[in-house]
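A quick write-up on the structure given underneath.
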Amino acid sequence: MNNPGEARLVVENAAVRYGDLEVLADVSLNVGSSEVVSIVGPSGCGKTTLLRCVGGLTQLDGGEIRIDGQVVEKPLPSVSMVFQHFGLFPWKNLWNNIAYGLKLRRAPKEEIGRRVAAAIELVGLCGFEKSYPHQLSGGMQQRAGLARALVMEPKLLLMDEPFSAIDAQTREQLQFELLRIWDSRPTAMMFVTHAIDEAVLMGDRVVVLAGRPAHVRAVRKVDLPRPRDRKVVSTPSFINLRDQVWHDLFDQQ
């Protein structure tokens with residue numbers, strides 16, 4: 001079992017409203033410095049809104065979010081986000097897409113070259129440095145989006161349903177690829193998904209959001225050893241956890 005360390009992310013009584021519509025109410029959770037916390041809930045319940053608040057892209061109407069003790073009021077350089085639809089610039093090749101954030105920070109040219117090369121190797125895209133997004137498959141584009149986040153060496157990685165826009169086989173492949181990458185470079189990660197199996201597979205804990213407005217209905221500890229491979233999904237422990245989360249989501253509606 002992974003030792004999550006001290007809390008890197010703390011969400012306290014987070015509330016978000018859009019006009020008269022309450023989206024989140026009194027949401028509290030934390031993520032350890034080397035912990036993966038999966039966020040699962042029904043479509044439209046506010047999972048992405050919560051992630052955007054943690055990333056400083058959406059402001060809270062109540063409560064507070066802190067990362068390493070700093071109150072989140074805008075995007076922080078220690079946080080990287082991977083979006084559902086890749087978010088690559090179509091006019092930039094793979095290398096320049098991945099280097100973009102480092103160039104914005106005006107990192108030294110030598111450092112950019114070293115870190116981009118390492119990120120490309122980490123996600124298995126060596127040889128595609130000069131390719132443009134339209135020349136890459138959906139799975140390769142998502143690997144590129146992941147590399148662009150990892151190259152920033154974030155202290156907190158935010159994943160917004162990163163595999164939902166690709167086919168089932170590629171999705172499964174990338175799930176285990178991400179697990180491999182995390183094992184080689186553990187960091188705090190908040191992983192939003194609507195898929196219960198994926199939430200259990202990726203997480204050290206699963207936070208279940210439900211209701212309108214959404215609140216934390218349950219938190220499940222995932223007692224599955226790391227590293228994880230395909231065999232884990234057929235174990236009694238995995239199946240039991242998946243069923244518990246399913247009941248957390250649907251039994252009380």
Side-chain angles (χ1 to χ4, degrees), residues 1-2 34-43 47-48 51 80-88 94 97-98 119-128 131 133-150 157-209 220-250:
M1 183 65 189
N2 172 49
S34 59
E35 181 184 28
V36 182
V37 171
S38 298
I39 310 293
V40 68
S43 295
K47 301 184 299 294
T48 293
L51 202 74
S80 290
M81 192 165 182
V82 178
F83 297 95
Q84 178 178 344
H85 295 289
F86 318 134
L88 301 176
L94 174 73
N97 261 292
I98 295 171
I120 288 173
E121 182 176 5
L122 191 63
V123 301
L125 286 176
C126 291
F128 294 93
S131 299
H134 75 274
Q135 298 172 312
L136 304 173
S137 68
M140 294 169 76
Q141 289 183 47
Q142 193 58 297
R143 287 173 187 263
L146 181 58
R148 188 170 64 180
L150 293 172
L157 186 59
L158 304 178
M159 309 288 281
D160 184 16
E161 300 194 32
F163 306 140
S164 62
I166 51 184
D167 65 87
Q169 289 181 334
T170 305
R171 179 177 188 147
E172 182 175 321
Q173 181 185 17
L174 287 182
Q175 286 170 347
F176 289 101
E177 189 72 6
L178 179 58
L179 286 170
R180 177 192 64 80
I181 290 168
W182 186 90
D183 287 332
S184 69
R185 188 188 290 183
T187 189
M189 186 191 304
M190 192 171 171
F191 191 100
V192 164
T193 179
H194 62 268
I196 295 172
D197 284 51
E198 186 171 72
V200 174
L201 176 64
M202 303 305 301
D204 295 303
R205 285 183 294 137
V206 177
V207 173
V208 178
L209 291 185
R220 295 287 181 180
K221 187 176 181 181
V222 182
D223 281 316
L224 299 172
R226 293 185 184 271
R228 296 173 186 168
D229 57 25
R230 291 192 73 256
K231 295 176 184 176
V232 75
V233 301
S234 59
T235 62
S237 295
F238 183 94
I239 294 168
N240 183 52
L241 270 166
R242 182 190 63 195
D243 290 347
Q244 287 176 357
V245 174
W246 192 94
H247 288 297
D248 290 336
L249 273 170
F250 300 114

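Residues take their numbers from the sequence shown, with the count starting at 1.
- In terms of modelled atom types and a separation under 3.5 Å, the side chain of R185 and the main chain of L122 share no donor-acceptor contact.
- Residues forming a side-chain contact (heavy atoms from CB on, under 4.5 Å) with A199 (at least two apart in sequence, or on another chain): S38, V40, T193, V206.
- Of all heavy-atom pairs between E161 and H194, the closest is OE1-ND1, 2.8 Å.
- Sequence neighbours left out, the pairs with a member in residues 133-148 that pass salt bridge (charged side-chain N to carboxylate O under 4.0 Å, His left out) are R143-E177.
- Taking CD of Q141 as the start and CG of L88 as the end, the distance is 6.0 Å to the nearest 0.5 Å.
- Atom-to-atom distance recorded for M81:CE and L51:CG is 4.0 Å, nearest 0.5 angstrom.
- When all heavy atoms are compared, the tightest approach of V232 to F238 is O-CB, 3.1 Å.
- Distance check: D160 CG to M190 CE gives 10.0 Å after rounding to the nearest 0.5 Å.
- The shortest non-hydrogen separation linking F250 to I196 is CE1-CD1, 4.2 Å.
- Partners of N240 by side chain to side chain donor-acceptor pair (under 3.5 Å), not counting sequence neighbours: none found.
- Side-chain contact check for R226 versus L179: some heavy-atom pair is nearer than 4.5 Å.
- Listed here is the closest heavy atom pair of V36 and M202: CG1-O, 3.3 Å.
- The closest donor-acceptor contact from the side chain of R220 to the backbone of L241 lies at 3.5 Å or more, if one exists at all.
- Among pairs with a residue in residues 187-203, those fulfilling salt bridge (charged side-chain N to carboxylate O under 4.0 Å, His left out) read R171-E198, D197-R242, at least two apart in sequence or across chains.
- With hydrogens and angles disregarded, a donor-acceptor distance shorter than 3.5 Å links the side chain of K47 to the backbone of G41.
- The line from CD1 of I98 to CG of L150 is 9.5 Å long, rounded to the nearest 0.5 Å.
- For the pair V233/E172, no side-chain contact is recorded, criterion being any heavy-atom separation below 4.5 Å from C-beta on.
- The side chain to side chain donor-acceptor pair (under 3.5 Å) test applied to S164 returns Q84, not counting sequence neighbours.
- Rounding to the nearest 0.5 Å places CD1 of I120 at 10.0 Å from CG of N97.
- Atom CE of M159 sits about 5.0 Å away from atom CG of L146, to the nearest 0.5 Å.
- E121 meets the side chain to side chain donor-acceptor pair (under 3.5 Å) test with no other residue; sequence neighbours excluded.
- Scanning all heavy atoms of the two residues, the minimum distance from D229 to F176 falls at C-CE2, 3.3 Å.
- Proximity of S237 to L224: side-chain heavy atoms (C-beta onward) are separated by under 4.5 Å at one or more points.
- Looking at every heavy atom in both residues, S34 comes nearest to W182 through O-CZ2, 3.4 Å.
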